Amino acid sequence: MPELPEVETVVRGLREPLIGHTILGVTCEQSRTIRHADMATLAARLQGQTVTGVNRRAKYILCELSGGDLFIVHLGMTGRLYVVSDDSHWHADRWAHVILQLDGGQQLRFSDPRRFGFVSVVSNFAEIAPNIGPEPLSDDFTRAGFAEKLKRHHKAIKALLLDQSFVAGIGNIYADESLFRARIHSLRPADSLKKAEIDRLYAAIRSVLEDGIARQGASINWYRKVDGTTGEAQDHFDVYGRDGEPCLTCGTTIEKIYVGGRGTHFCPKCQK
DNA sequence: CGGACAACCTGGCGGC
DNA sequence: TGCCGCCAGGTTGTCC
């Protein structure tokens, strides 16, 4: 579910309700949902802290706290973060594993049916994810650096795009969409791409992610924005989930294969 | 080191 | 309508 555009949308939605607000208390259970710290440590390090910033790195949400710690959330496959008023009649959420009580009568909930997501509190982001690649929408992601790194890998380009140490934030949906936009077959060995193809892929990754953010993410199943509403990116996919349907460019039937164990959608005529 | 694959969990959906 | 098997946007650890 949540890839870079979805996580970025959540981050932007969290700033208004969180920044400047103080965490009064923490409600949670001891479970896999809390990583790198036990329940008591998490509560102790969050309670009394004021949120000073909310940012994203790869698919991680980083809430900066006044004491210098980072409250980290990863949404996994089915995680959601949302803010509700204490007095709202919002129905009970059986998957709300962590609830932060905020000043001003609101609470931040982390809800995750499948429990692939997690929360943590650390001093430095590197404690959570020490080996994350460049942010594709930042100046750190250069065309030259991208081309150089592609030469060092022989595996399928789709599998490489999913490697978070290669480039941050791309997941299964936007990998497929980027490769379609660049007209490159998902199974091409990374080191086989010609310069023109590398240039197309570099541009495609950026534009696909930017379009995803502009549409506030893709609500295929579980993903929702902080206010509970759906994104719109799912209505504009070229290939993801469209197997059996005609390519919007040439009319050829979109195919589905598995690459690195992940469902992979592509147009056999447009992508070579 | 690279790559394939299982594991972690639970819900939703299509098919029978 | 009900049950069963399969699939799912991510990450990590293991094995060859």
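Just so you know, these numbers come straight off a predicted model, no measurement behind them. In what follows, every chain begins at residue 1, and chains take the letters A, B, ... in the order their sequences are listed.
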Nearest-angstrom distance, P atom, dC7(C) to dC5(B): 15 Å
On DNA chain B, reading 5' to 3', which nucleotide is the first and which the last to sit with an atom under 4.0 Å from a heavy atom of chain A, could you check? dG3(B) to dG11(B)
Roughly how far apart, to the nearest Å, are dC9(B) and dC3(C) at atom P? 26 Å
Below 4.0 angstrom, which residues in residues 153-168 of chain A have at least one non-hydrogen atom near DNA chain B? H154(A), K155(A)
Measure centre to centre between the rings of H153(A) and F166(A), then say whether the value is under 6.0 Å. yes
Requiring both pairing distances under 3.5 angstrom, list the stems that contain DNA chain B and are made of three or more consecutive Watson-Crick or G-U pairs. B:2-8 with C:10-16, B:10-16 with C:2-8
More than 12 heavy atoms of other residues, nucleotides or ligands under 6.0 Å from CD of E16(A): is that the case? no
For atom NE2 of H236(A), decide whether the heavy atoms of other residues, nucleotides or ligands shown that lie under 6.0 angstrom number more than 12. yes
Spacing of F116(A) atom CZ relative to dT11(C) atom C1', expressed in whole Å: 9 Å
In whole angstroms, how far is the P atom of dT12(C) from the NZ atom of K59(A)? 10 Å
Rounded to the nearest 0.5 angstrom, the OH-CZ distance for Y82(A) and R80(A) is 6.5 Å
Between E3(A) and Y223(A), do the side chains contain an N or O donor and an N or O acceptor separated by less than 3.5 Å? no
Mind checking whether V121(A) and L46(A) have side chains closer than 4.5 Å, heavy atoms only? yes
Quick one, D238(A) and E177(A) - any side-chain contact, counting heavy atoms below 4.5 Å? yes
Starting at atom CD1 of I220(A), determine the distance to atom P of dC7(C), rounded to an integer number of angstrom. 17 Å
What does R114(A) touch in the nucleic acid at a heavy-atom separation under 4.0 angstrom: a base, only the sugar-phosphate, or nothing? base
Are a donor atom and an acceptor atom from the side chains of D86(A) and Q101(A) found within less than 3.5 Å of each other? yes
Minimum side-chain heavy-atom gap I205(A)-I170(A) below 4.5 Å: yes
Separation of atom CZ in F118(A) from atom C1' in dT11(C), rounded to whole Å: 9 Å
So ring-ring contact (aromatic ring centres under 6.0 Å, His included) across residues 18-42 of chain A, not counting sequence neighbours, yields none
For I170(A) and dG10(C), give me the distance from atom CD1 to atom P, rounded to whole Å. 11 Å
Rounded off to whole Å, could you give me the CZ-to-P distance for the R56(A) and dG10(C) pair? 14 Å
Going by heavy atoms closer than 4.0 Å, what residues in residues 254-268 of chain A are next to DNA chain C? K256(A), Y258(A), R262(A)
In terms of the angle between their ring planes, are Y202(A) and F141(A) parallel, tilted or perpendicular, with boundaries placed at 30° and 60°? parallel
N172(A) has an atom CG; how far is it from atom P of dA8(C), in whole Å? 8 Å
Protein-nucleotide distance (M77(A), atom CE; dC6(C), atom P), rounded to Å: 17 Å
Reckon R94(A) touches a base, only the sugar-phosphate, or nothing at all at heavy-atom distances under 4.0 Å? sugar-phosphate
Taking the side chain as every heavy atom from C-beta outward, state whether V73(A) and C63(A) have any pair of such atoms under 4.5 Å apart. no
Flag yes if more than 12 heavy atoms outside D139(A) fall under 6.0 Å of its CG atom; otherwise flag no. no
Which residue pairs pass the salt bridge (charged side-chain N to carboxylate O under 4.0 Å, His left out) test with at least one member in residues 17-35 of chain A, sequence neighbours excluded? E29(A)-R115(A)
